[in-house]
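Beneath this line is the structure, given in structure tokens, with notes to follow.
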Amino acid sequence: MLSFNIKQDMVTSEMRFKTLLALVMAILTTGFILHMPVEVQEYVFRGVFNPHPIYNDLYSSYYKGVLANPCGNPNQWFNQAKRSALCSGENIFPIPYLDYKLPEPPLAGLAFTVLTALAFLFSSNVFSTAYATALYIAQSIISIISTLSALILFDKKLSNRLNERWLPLGFASLLIYGIYSLDSLVLPLYILLLSSLLDKEYHKALLYAGLLTAWNPFFTILFGLSLAYMLESTRSLKHYAGLLPPLIAFATLYVANPSSLEYLVSNYLTPAFNSSVYWLFTGSVNTQALYAVSWGVLSTIILILYGLKPLGDHIALHATILILASWILNPVAVPQTILFAIPLLYLCDNDPRLRASALVSEVLNALIILLWFWDGFLREVLNKTLGLGLPVENNPASTSSPVFWIIQVRNILLLALAVRMISDYWELAINAEKH
């Protein structure tokens, strides 16, 4: 009877996962349709069914903003000869970092190069609708495959650590951010990092974190955490191989084009407060000073959190605290970072109120990009329905913006969630010392 029950539970679990996999696939496919640029719709369907697609950062910022706009801002280009050749109509393939500026770390830039090269194989004219369509479809397919692969890895390596399944958590984020930027492409590697951390294979975690840091600087948070655990567990130099990937990646970029690395560093040092809590103060404080203070606050909090000793099987909680605190206190708190918080939230044992807070925060975070370009329209609606008298303009960074209100409510909820988790972790540390 016991054997039968175990087999039945395994079948039920397998069916549940297949259902979840199908549901995520449906969400990502819907996202593919909703994000599809107008020109791509015209090329694929010979008509436009969605005149206001959801913003796609990779397509709009890097492709339309730079690669497909060489005749625009020459300051975006290193190689002026190639820029001029493109403007004159020549079919050539520009390379990021060497020919034009790309504000992404080396491995993410390599991924973008691969995507643009795949599109170039389909159409050698980077201005053409055929090229734009190939680029969007390539990004979408690889994003979908990466996300589904991450989900399969999560089920294989971490499902036994789940306390409960939060079925709704993450769906809104996958719809809006699954096909949005380069971040979703690295989700499988991120799951391997989490698995290694929780299995206390810190040398592997450090290696994965090193590769991820060369993809997105946000991962320096878990890179530092992996290193902190390594320093307490081993002195063998061969286990510190994870220190090499970011060093090699940035050194290679410097050798290839020193100006490109200088641009990246300059870009990181330039004050920016993307949907962060610091927007509350940008109107009254010098931005450069506020930017420096924000990094000082963030660095201090991170170092304090690193100092909390790992408690048995509570590494997931420790990592979640770091991710949430680093995201919310980061002056450049880009909304797609939620993709890296969701897997950790599933691994933490939280009470229903904290789960509800996380779910509401996630939905609000998804609304940020969904409503970002509708700020003026939202103001008009609120003025007509509630008589608020808001200035009608498209300025999500202003305190009069409904989008700004959504951002700050999200920030408050996530900050409260992080503080509560820190409190729970601190209580566990105190109890551990007593015993």
Side-chain angles (χ1 to χ4, degrees), residues 158 161-166 168-170 173 193-194 197-198 200 202 205 209 218-229 231-232 275-281 293-331 333 335 337-365 406-435:
L158 297 170
R161 298 177 181 272
L162 293 179
N163 292 290
E164 285 187 34
R165 297 177 183 272
W166 302 12
L169 185 67
S173 297
L193 164 60
L194 297 184
L197 269 178
L198 269 58
K200 300 181 181 180
Y202 302 132
F218 183 78
F219 285 112
T220 55
I221 306 304
L222 294 184
F223 183 75
L225 183 67
S226 302
L227 182 59
Y229 286 171
L231 291 171
E232 289 194 358
S275 76
S276 72
V277 68
Y278 304 102
W279 262 2
L280 292 167
F281 312 104
V293 169
S294 66
W295 280 113
V297 170
L298 176 59
S299 301
T300 302
I301 296 297
I302 289 172
L303 290 174
I304 292 172
L305 293 176
Y306 280 161
L308 294 177
K309 295 179 180 179
L311 302 169
D313 294 327
H314 298 290
I315 294 177
L317 179 57
H318 195 186
T320 307
I321 290 168
L322 273 163
I323 289 292
L324 290 178
S326 301
W327 179 26
I328 298 307
L329 295 176
N330 192 323
T337 302
I338 191 72
L339 294 174
F340 308 126
I342 288 170
L344 281 167
L345 287 169
Y346 268 96
L347 295 169
C348 292
D349 185 14
N350 297 314
D351 64 45
R353 287 176 298 177
L354 292 185
R355 294 174 184 176
S357 176
L359 182 57
V360 173
S361 301
E362 186 228 350
V363 173
L364 291 175
N365 189 70
I406 291 172
I407 289 170
Q408 297 308 334
V409 171
R410 177 209 66 177
N411 288 340
I412 291 169
L413 286 173
L414 286 176
L415 190 59
L417 181 63
V419 169
R420 174 59 188 275
M421 286 184 166
I422 291 171
S423 175
D424 291 345
Y425 192 84
W426 185 256
E427 186 176 342
L428 288 169
I430 292 174
N431 291 336
E433 287 184 0
K434 289 179 179 178
H435 295 87

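- Checking side-chain atoms of Glu362 against main-chain N and O of Gly170 turns up a donor-acceptor pair under 3.5 Å.
- Shown here are the side-chain contact (heavy atoms from CB on, under 4.5 Å) partners of Ser276, two or more places apart in sequence or in another chain: Phe273, Tyr278, Ala333.
- In this structure a side-chain-to-backbone donor-acceptor pair under 3.5 Å is missing from Arg410 to Val363.
- Within the structure, salt bridge (charged side-chain N to carboxylate O under 4.0 Å, His left out) pairs that include any residue of residues 412-423 comprise Asp351-Arg420, Arg420-Asp424 (at least two apart or interchain).
- Between atom CG of residue Leu198 and atom CG of residue Leu344 there is a gap of 8.0 Å, rounded to the nearest 0.5 Å.
- Here the closest non-hydrogen pair linking Asn411 and Ser275 is ND2-O, 3.6 Å.
- Residues passing the ring pair (Phe, Tyr, Trp, His ring centres under 6.0 Å) test with Phe223: none are found, sequence neighbours excluded.
- Leu317 has its side chain within reach of Met421: a pair of non-hydrogen atoms, C-beta onward, lies under 4.5 Å apart.
- Screening Leu359, Leu414, Ile406 for a side chain to side chain contact (heavy atoms under 4.5 Å, CB included) involving Leu364 leaves a single residue, Ile406.
- His314 is not listed as a side-chain neighbour of Cys348, based on a closest heavy-atom distance of 4.5 Å or more.
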Side chain to side chain contact (heavy atoms under 4.5 Å, CB included) evaluation trace for Ile315 with Lys200: CA-CA 9 Å; Ile315 294 177; Lys200 300 181 181 180; 4.0 Å; yes
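- Taking both residues in full, the closest heavy atoms of Val277 and Gln408 are given as CA-OE1, 3.6 Å, listed atom of the first, atom of the second, then distance.
- Residues satisfying the side chain to side chain donor-acceptor pair (under 3.5 Å) criterion with Ser361, sequence neighbours excluded, are absent altogether.
- Between the side chain of Tyr229 and the backbone N or O of Gly224 there is no donor-acceptor pair closer than 3.5 Å.
- Contact record, Leu169 with Tyr346: O-OH, 2.8 Å, taken as the closest heavy-atom pair.
- Shortest non-hydrogen contact noted between Leu417 and Ser357 is CB-OG, 4.5 Å.
- To the nearest 0.5 Å, atoms CG (Asn330) and CD1 (Ile323) are separated by 11.0 Å.
- Within the 6.0 Å centre-distance limit, the rings of Tyr425 and His318 are counted as a close aromatic pair.
- The line from CD1 of Ile407 to CH2 of Trp279 is 4.5 Å long, rounded to the nearest 0.5 Å.
- Scanning both residues, Leu222 and Ala319, for their nearest heavy atoms gives CD2-CB, 4.2 Å.
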Pair Trp327-Ile338, side chain to side chain contact (heavy atoms under 4.5 Å, CB included): steps then yes or no: CA-CA 9 Å; Trp327 179 26; Ile338 191 72; 3.5 Å; yes
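- Annotation: side-chain contact (heavy atoms from CB on, under 4.5 Å) contacts of Ala418 (sequence neighbours excluded): Leu324.
- Residues Phe340 and Phe219 form a side-chain contact, since some pair of their non-hydrogen atoms from C-beta on lies under 4.5 Å apart.
- The line from OG1 of Thr337 to CD1 of Ile221 is 10.5 Å long, rounded to the nearest 0.5 Å.
- The shortest non-hydrogen separation linking Leu197 to Tyr202 is O-CE2, 3.8 Å.
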I'd like a table of donor-acceptor pairs (distance under 3.5 Å, sequence neighbours excluded) in which one partner is a side-chain atom from residues 294-302, with atom names and distances.
| residue | atom | partner | partner atom | Å |
| --- | --- | --- | --- | --- |
| Ser294 | OG | Leu290 | O | 3.3 |
| Ser294 | OG | Tyr291 | O | 2.6 |
| Trp295 | NE1 | Tyr291 | OH | 3.3 |
| Ser299 | OG | Trp295 | O | 2.8 |
| Thr300 | OG1 | Gly296 | O | 2.8 |

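- In this structure the side chain of Leu347 reaches within 4.5 angstrom of the side chain of Leu158, judged on heavy atoms.
- Side-chain contact check for Ser226 versus Leu193: some heavy-atom pair is nearer than 4.5 Å.
- Between the Ser326 side chain and the Leu322 main chain, a donor and an acceptor come within less than 3.5 Å of each other.
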